[in-house]
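Reading through the structure tokens given below for one structure.
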2 protein chains.
Amino acid sequence: MTERITEDPGAAAPAAVRPLPPAPVRRVSMADVARRAGVSSQTVSRVSNGYPGVVEATRRQVLDAMAELGYRPNSAARALRSGRFRTIGVILFSLSTTGNVRTLEAIATSAAAQGYAITVIPVEAPTQGGVRGAFTRLGELAVDAVILLMEVHLLDAADLTLPDGVPVVVADSDADDRYPVIDTDQADGSRTAVQHLLDLGHRTVVHLAGPEQSFAGQRREDAWRRTLTDAGCEVPEVYRGDWSAWSGYEVGREIARTDATAVFAANDQMALGLMRALAESGRAVPDDVSVVGFDDVPDAVAYRPPLTTIHQDFAEVGRRCVELVLQRLDAGAADHGTTLVPVRIVERASTAPPPS
Amino acid sequence: MTERITEDPGAAAPAAVRPLPPAPVRRVSMADVARRAGVSSQTVSRVSNGYPGVVEATRRQVLDAMAELGYRPNSAARALRSGRFRTIGVILFSLSTTGNVRTLEAIATSAAAQGYAITVIPVEAPTQGGVRGAFTRLGELAVDAVILLMEVHLLDAADLTLPDGVPVVVADSDADDRYPVIDTDQADGSRTAVQHLLDLGHRTVVHLAGPEQSFAGQRREDAWRRTLTDAGCEVPEVYRGDWSAWSGYEVGREIARTDATAVFAANDQMALGLMRALAESGRAVPDDVSVVGFDDVPDAVAYRPPLTTIHQDFAEVGRRCVELVLQRLDAGAADHGTTLVPVRIVERASTAPPPS
DNA sequence: CTAGTCCATGTTTACGTCAACATCCGTCAC
DNA sequence: GTGACGGATGTTGACGTAAACATGGACTAG
């Protein structure tokens, strides 16, 4: 499979040369339908788009001809004509985190409901090279709008810009005020989690944080710290994982050696690993140590013990992203605010008052 | 957001009428670049596509003009002209199973490497209505080929057909011999799992199966049964979950009441729930009961205990799907075989010889 | 020195759709 | 009866690209 891809943004300097094979079977066009129905192709267009000014009898004829011939509008021609692809691009680094996946799913569903398709643009790990390729193509991508499922500053790091005139919305990240943001209310989630533990009587709460580069992780951590400070609690050392259950386990072994009685993990997967580490050290959850997670992954209800966690409304985030990006597409609105989607705590069996 | 979408396959009977707003800012076209560079637009086309027969000096001029003007090829026009969108559609029911997600990710990555974009076509739960809408649009979707991440018979149930002439490949499913299939070697995985338990000395192996409608689940179950039969073991009653960890827990509580010493769960998530159920019944894994999963999800290494499981090579499945579908697009090949991608067992800490 | 080649580049045209404008015909008011 | 009006339908052209064909100049062989 040879490839002809622009390597250089703005300029085109492709390598291999293989003309695409001849276009596949010519499909049924409006002209064909028009001939069959004995009308002009413009009338077919009108019927196809539901415009008025077509008498019922004619309409029927056209509809019949369409059915007989199996006519399908050609979206390339449509897009060329209208300048719209009816497609939204979603740029993301990976589908390995629950959040991204569920948000993507919600985006796809909402977009479909609006008659828009979703093009997924995966960007490999932030290696300069990999990113570059993916983004370069973006300019010529058949996309009317873009939803970024990643931190905007990573985009900068890659030294790339989105094409002008394409509405962009950022989900679950920061955006340097350049684009509007739809985000889970990370701060409120953290606060709720920590407060829940404090209310149970824990003297303070240890935080198993996400990676430093993650904006969401950063905000969860900040809110944890602030909540403790506001409550006049001592702020313990931060432990840091990389979102994976395994990192939760590794870091969890350190936490298990401390006298912590309450841990707030920045996501459920790390909480899973943490709970294993605690169990292996003979510290019972929730009797000896309480644990709260973040995300409310479907599995959390089957963790041992079922995890108390902060439920994120990914569906709502996705829905709002689509809504906002389409609104900007139509109106060209320009307020770069941040919209927060509320969260709620789901109390299960991993939290209890501290051992007396 | 009003919508003008064909409701009826083949015929068009839209409802609302709102012309799209005028096309956004006119973008830089080949003609602009040509003017700027003082050449014909055909020469620009040649440079843009890396065709030979352009002298270096001219090429440079064109490249410069492209850069200055910020030229981006218009993919709609390109698609109209060439009949190719350089896009692959992926149809799937949900992104809630690990398998789908990871396969999708692999597909997206491989496709990007080949210069193809991925359009995700979500189909809501197999409700006749929902499916219909999604598929109807498929016909006019800007897609050169389709990868189905679902059972073909569900497609039939929805009483819909894919447009002719579009290559289709089915991943991880059956296809009634209508389309080629790329699949994980489910049977070999099951056999390996069961054999591993038998080799440890277990007299027989209980199966925590997936839902009856799932083809993958069916095949895992068949292979489990066959392996037991071949080994002359008694075949115990089948327990059935719905892939979720919670269902694994619920069904697991029943299993925990039996005298089973070895369980093969049809996926890791159910194994997670099962292990919780066993723990709650005071049956230790692996000392009292051995458990093997299927999938090797990233979290499995952090389960308590770390799960012995069958590793699926989703990346390879995705890669092959893309390869095959593009090959069919170019060549129109027509062999509807099934390609099996090998699996391997990952031995961790959830299996041991039976208690004596 | 001329005919033949080959190569770089230019010109034309078609892809399918749809907006804009043109046409045709019936109806109605005067 | 004639002109004006309006509704149904047709005709034209443009969107941006790239294949097919055309041109023209340089070089080569005889």
Side-chain angles (χ1 to χ4, degrees), chain A residues 4 6 12 14 17-35 37-62 66 69 71-86 139-140 142, chain B residues 4 6 12 14 17-35 37-62 66 69 71-86 139-140 142:
Chain A
R4 300 192 273 116
T6 302
V17 179
R18 188 166 62 82
L20 286 170
V25 278
R26 212 185 66 77
R27 294 197 351 195
V28 180
S29 78
M30 280 195 164
D32 300 321
V33 176
R35 207 170 309 117
V39 301
S40 77
S41 60
Q42 182 54 38
T43 299
V44 177
S45 170
R46 282 191 266 256
V47 172
S48 172
N49 290 288
Y51 286 131
V54 179
V55 98
E56 187 52 30
T58 313
R59 217 180 88 86
R60 263 268 67 87
Q61 276 176 35
V62 172
M66 281 176 167
L69 266 38
Y71 168 74
R72 307 279 184 177
N74 176 320
S75 43
R78 227 174 223 193
L80 176 59
R81 188 79 241 285
S82 68
R84 294 292 186 82
F85 296 96
R86 303 202 75 88
E140 54 186 281
Chain B
R4 300 193 272 115
T6 301
V17 179
R18 188 168 62 83
L20 285 170
V25 279
R26 214 186 65 77
R27 291 194 359 192
V28 180
S29 79
M30 280 195 163
D32 301 321
V33 176
R35 207 169 310 119
V39 299
S40 76
S41 61
Q42 181 55 40
T43 299
V44 177
S45 170
R46 281 190 268 256
V47 172
S48 173
N49 290 289
Y51 286 131
V54 179
V55 97
E56 186 54 26
T58 312
R59 218 179 86 86
R60 264 266 68 86
Q61 277 175 33
V62 172
M66 281 175 166
L69 267 38
Y71 168 74
R72 307 276 183 177
N74 176 319
S75 43
R78 217 173 233 193
L80 176 59
R81 191 73 246 279
S82 66
R84 295 293 186 84
F85 296 95
R86 304 201 75 89
E140 53 186 282

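Below, all heavy atoms of this structure are taken into account, side chains as well, without hydrogens, waters or symmetry copies.
What separates CG of A:N49 from P of C:dT17 is a distance of 10 Å, to the nearest Å. If you measure from atom OH of B:Y51 to atom P of D:dA18, you get 7 Å, rounded to the nearest angstrom. At whole-Å resolution of the value, CG in A:N74 and P in C:dT17 are 5 Å apart. Per the geometry, CD belonging to A:Q42 stands 12 Å off C1' belonging to C:dG16, to the nearest Å. B:E56 places its CD atom 17 Å from the P atom of C:dC7, with the value rounded to the nearest Å.
Residue B:S41 is out of contact with every strand shown, counting any heavy-atom pair closer than 4.0 Å. As judged by a 4.0 angstrom heavy-atom cut-off over every strand, B:S45 is placed among the base-contacting residues.
Note on residues 37-54 of chain A: no pairs pass salt bridge (charged side-chain N to carboxylate O under 4.0 Å, His left out), not counting sequence neighbours.
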Are any protein N/O atoms closer than 3.5 Å to N/O atoms in nucleotides 22-25 of chain D? If there are, list each pair with its distance.
none

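In this structure, the side chain to side chain contact (heavy atoms under 4.5 Å, CB included) partners of B:A76, at least two apart in sequence or on a different chain, are A:A79, A:L80, A:F85, B:N74.
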- prompt: Could you run down nucleotides 21-26 of chain C 5' to 3' and tag each one B, S or - for protein heavy-atom contact under 4.0 Å?
  reply: ------

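The side chain of B:V39 approaches C:dG10 more closely than any other nucleotide in the set C:dG10, D:dA14, C:dT9. Side-chain atoms of B:S29 lie closest to D:dT17 of the nucleotides C:dT17, D:dT17, D:dG10. Closest to the A:V55 side chain, of the nucleotides C:dT9, C:dC18, D:dT9, is D:dT9.
Overall, the helix from C:dC1-D:dG30 to C:dC30-D:dG1 carries an axis bend of 50° between its ends, with five pairs at each end and the value rounded to 10°.
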